[in-house]
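Treat the numbers as computed from the prediction; the structure is a model and nothing was measured. Just so we're on the same page: letters track the sequence lines, and every chain starts at 1.
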Amino acid sequence: MINITFPDGAVRQYEEGITSLDIAKKISEGLARKILAAEVNGEVWDLSRPLRTDATLKFLTWEDEKGKSTFWHSSAHLMAEAVEDAFPGAKFWVGPPVERGFYYDIDLGENVISESDLEKLEKKMSELARQNNPYIRKEISKSDAIKYFEDKGDEYKLDLLSGLQDGTISFYTQGNFTDLCRGPHIPSTGLIKGIKLTSIAGAYWKGNEHNKMLTRIYGVTFPNQKELEEYLVFLEEAKKRDHRKLGKELELFTFSEKVGSGLPLWLPKGAMLRERLQQFLQKAQIEAGYLPVITPHIGSKSLYITSGHYEKYGADSFQPIKTPVEGEEFFLKPMNCPHHIEIYKASPRSYKDLPLRLAEFGTVYRYEQSGELHGLTRVRGFTQDDAHLFCMPEQVKDEFKKVIDLVLYVFKSLGFTEYTAQISLRDQVDRSKYIGTEKNWDMAELAIIEATREKGMNTIIEYGEAAFYGPKLDFMVRDAIGRKWQLGTIQVDYNLPERFDLIYIGEDNARHRPVMIHRAPFGSMERFIAVLTEHCMGKFPMWLVPVQVKILPISDKYMEYAENVCAELKNEDIRAEIDERSEKIGKKIRDTELAKIPIMLIIGEKEVNDQVVSLRRQGKGDEGSKTVKEIIDMIHQEVKNKK
RNA sequence: GCCAAUUUAGCUCAGGUGGUAGAGCAGCACCCUCGUAAUGUGCAGGUCGUUGGUUCGAAUCCAAUAAUUGGCUCCA
């Protein structure tokens, strides 16, 4: 008999060799139907694997992340079976679960697959799922495994095998499909009910662009049809919020093939929105002791040689701008820091000047790969809400903490209440991509870790995510439908001060090296506005929305009164417009609702007689008569509270 | 940059198998002067992304190129 310990601490005895599925069945049939895998001594196991020693046991269901991953991994095998059926001779690389679903990288040989094939594959998968084939695990010797895939002619699996040790190799078979796999898997295909193949992509074998491109098929599955439908609704919801669609509809920005791809053109409404955001941050920064600076859009090549950007990105960037002078070259600035450094160097600095906080909404240009461009979130020209803080080493932590406060204030003001902070450190193994000394890096990394700890922040650490000159603290916000976006960043930098030989005179009258902090709470205005648009579905808060009030006269007869009301609002710095078209009120209301303008003031005979307006709020309907003064106070209040 | 796909009027989209384009909305004009999500009538609007090829003839077939989309790689 063996002792099995459950998560609640209960210990029960079972005969040796019992499977977790049998244990579940003894507890209840309902449980046995629901569970997908078992966590045995912290390791995820097949339910059918016999337990031979004392162990802790936790049943994994769809509600557990690990249960979901197992489910999706098994779904990847199911998809592979369907693909092999449709494309005999297909060779399979790996098929892991991902955050939302799974994929499988496949070499289809001469065959090409397009989105239209996905529906057929889905049907086949459903058919195979209904057969309710068990996933059968089989331990196999390395030599037998190699022979199996040699016979199949699958060089990818042979490559995988070459990295595995004999005695640790297992095959899984369901129906007609057998795959090299560590497992674990769900008991059988019948558990997979809702199936959706979402997209096709090319993916390099082993992620290396010199290797062959495999076909990657993405999918997502669910244990019931209802959850699939909810997921499809989520996709629809995401589509509705897409900032590219809303940006067009709300006339915020556009692109022109002639201007160039990845170079956004801000339309008047978008520009007004963006300027208001800038004013908001500028005000907060002035209160926090930042000083504004303005620098040009280009800089000489030598500047970027000194900074290290040329060596790192020169070849993959916009190429130099030449001048009539032989050998003279300028680059579009990809970063504002070197320019700000030169401002620091413009005069001798004393410890009394520090921290020196230089801020600029600086537009930078980076030649992003064509396939990477995406709406406003990934562009080739964008404006960073940049600032560089030059401080003494002993000030770093305090300054860093102040920046954290500023970033969180910005998020809160814009309705991003949920965020995660990621500490991005060097790659633990490959140090070749970084500049600077080991000592400087250690100091910088420690400063971030300590500052976040002292702030009591929840952080996650990611290795290999640092910038090439220093570690970062990246902020990820969660939007209204649960998606994560990376926004602000704070970076500690001991390296650029050294490369530019920055100094300050200390209290001891000696020369010392300052430390730089790079920071951008929004990240970039473009990206931030994209995220904000998707977060609020284009219904911007009162303080930001381009048009706050639309005045809707019932007919032309009330136009004069409408104009008086409009003038009164404008006089109070309220952004108001009149719908002067001779349309019916229903039509005007509909158009204003669709334009997502928060306040509608309807004016007819009754309002003129009573010297009031009829208030209607976007998405809410008629809210009755109000005086213009009441409307003004209401809007001012909402603007003030950043509602 | 790579894989797959898309590109037709300002917007959203129709246009088997080749015979030089069509709808709805938006716009403009007229009618209406209207009470809380689309009044009606009419008009105008397109080198079918671009360039080349095949053909008597190309939105349609082929090639190149550009932009866009979903991924991969990248992201100072």
Any N/O donor-acceptor pair, Arg378(A) side-chain to C74(B) base, under 3.5 Å: yes
Look at all strands and tell whether Glu249(A) reaches a base, only sugar-phosphate, or nothing, counting heavy atoms closer than 4.0 Å. nothing
G24(B) versus U17(B) - spacing of their P atoms, nearest Å: 24 Å
Under 3.5 Å, is there an N or O donor on one side and an acceptor on the other linking the side chain of Glu607(A) and the base of G35(B)? yes
On the nucleotide C34(B), are OP1 or OP2 found under 4.0 Å from the side-chain N or O atoms that Lys557(A) carries? yes
Given A37(B), U33(B), U36(B), the nucleotide with the shortest approach to the side chain of Leu594(A): A37(B)
Check for me: is Tyr218(A) stacked on G71(B) by the 5.5 Å centroid and 30° plane-angle rule? no
Under 4.0 Å from OP1 or OP2 of A66(B): is there any side-chain N or O of Ser261(A) that close? no
Tyr469(A) has an atom OH; how far is it from atom P of C75(B), in whole Å? 13 Å
Among A37(B), U36(B), C2(B), the nucleotide that comes nearest once only the side chain of Ile602(A) is considered: U36(B)
As a test of reading the structure: which of G35(B), U39(B), U68(B) is closest to the side chain of Leu373(A), going by heavy atoms? U68(B)
Does Lys587(A) have a side-chain nitrogen or oxygen under 4.0 Å from the phosphate oxygens OP1 or OP2 of A26(B)? yes
Is Thr215(A) side chain donor-acceptor paired with the C3(B) base, going by distance under 3.5 Å alone? no
With a non-hydrogen cut-off below 4.0 angstrom, is Ile554(A) in contact with a base, only sugar-phosphate, or nothing? base
Spell out yes or no: do the side chain of Tyr204(A) and the base of G71(B) have one donor N/O and one acceptor N/O closer than 3.5 Å? no
Which base, if any, makes a Watson-Crick or G-U wobble pair with C25(B), both distances under 3.5 Å? G10(B)
Scanning all shown strands, the Watson-Crick or wobble mate of G40(B) with both distances under 3.5 Å is C30(B)
Over how many whole Å does the gap from Leu108(A) atom CG to A4(B) atom C1' extend? 12 Å
Are OP1 or OP2 of G70(B) and a side-chain N or O of His374(A) less than 4.0 angstrom apart? yes
Using purine N1 to pyrimidine N3 plus N6-O4 or O6-N4 for Watson-Crick, or N1-O2 and O6-N3 for G-U wobble, each under 3.5 Å, what pairs with G16(B)? none
In whole Å, I'd like the distance from the CZ atom of Phe331(A) to the C1' atom of A76(B). 14 Å
Nearest of U33(B), G35(B), A76(B) to any side-chain atom of Asp556(A)? U33(B)
Please work out if Ala203(A) contacts a base, only the sugar-phosphate, or nothing of the nucleic acid, heavy-atom cut-off 4.0 Å. sugar-phosphate
Out of C75(B), A38(B), U36(B), minimum distance to the side chain of Ile585(A) belongs to U36(B)
Nucleotide nearest Ser199(A) when distance is taken to its side chain, options A37(B), A76(B), G70(B): G70(B)
Indicate yes or no for a side-chain donor-acceptor contact from Arg499(A) to the backbone of Thr306(A) under 3.5 Å, with no hydrogens or angles considered. yes
So does Arg244(A) get a side-chain nitrogen or oxygen closer than 4.0 Å to the phosphate oxygens (OP1/OP2) of G70(B)? yes
Distance below 4.0 Å between Lys588(A) side-chain N/O and A38(B) OP1 or OP2: no
From the list A76(B), C2(B), C11(B), which nucleotide is the closest neighbour of the side chain of Phe468(A)? A76(B)
Is any side-chain N or O of Glu257(A) under 3.5 Å from a base N or O of A67(B), one able to act as donor and the other as acceptor? no
Tell me which nucleotide among C34(B), A37(B), U39(B) gets nearest to the side chain of Glu583(A). U39(B)
Counting only Watson-Crick or G-U wobble pairs whose two distances fall under 3.5 Å, which nucleotide matches U47(B)? none
Looking for any heavy atom pair under 4.0 Å, which part of the strands does Arg216(A) touch: base, sugar-phosphate only, or nothing? sugar-phosphate
For Phe255(A) and Arg581(A), take the nucleotide of RNA chain B holding the closest heavy atom to each; which residue's nucleotide lies nearer the 5' end? Arg581(A)
Side-chain donor or acceptor of Ser614(A) under 3.5 Å from a matching atom on the base of U36(B)? yes
Remember a base hit wins even if backbone is also touched, and classify Gly604(A) as base, sugar-phosphate or nothing at under 4.0 Å, heavy atoms. base
Base, sugar-phosphate, or nothing: which does Gly375(A) touch, judged by heavy atoms less than 4.0 Å apart? sugar-phosphate
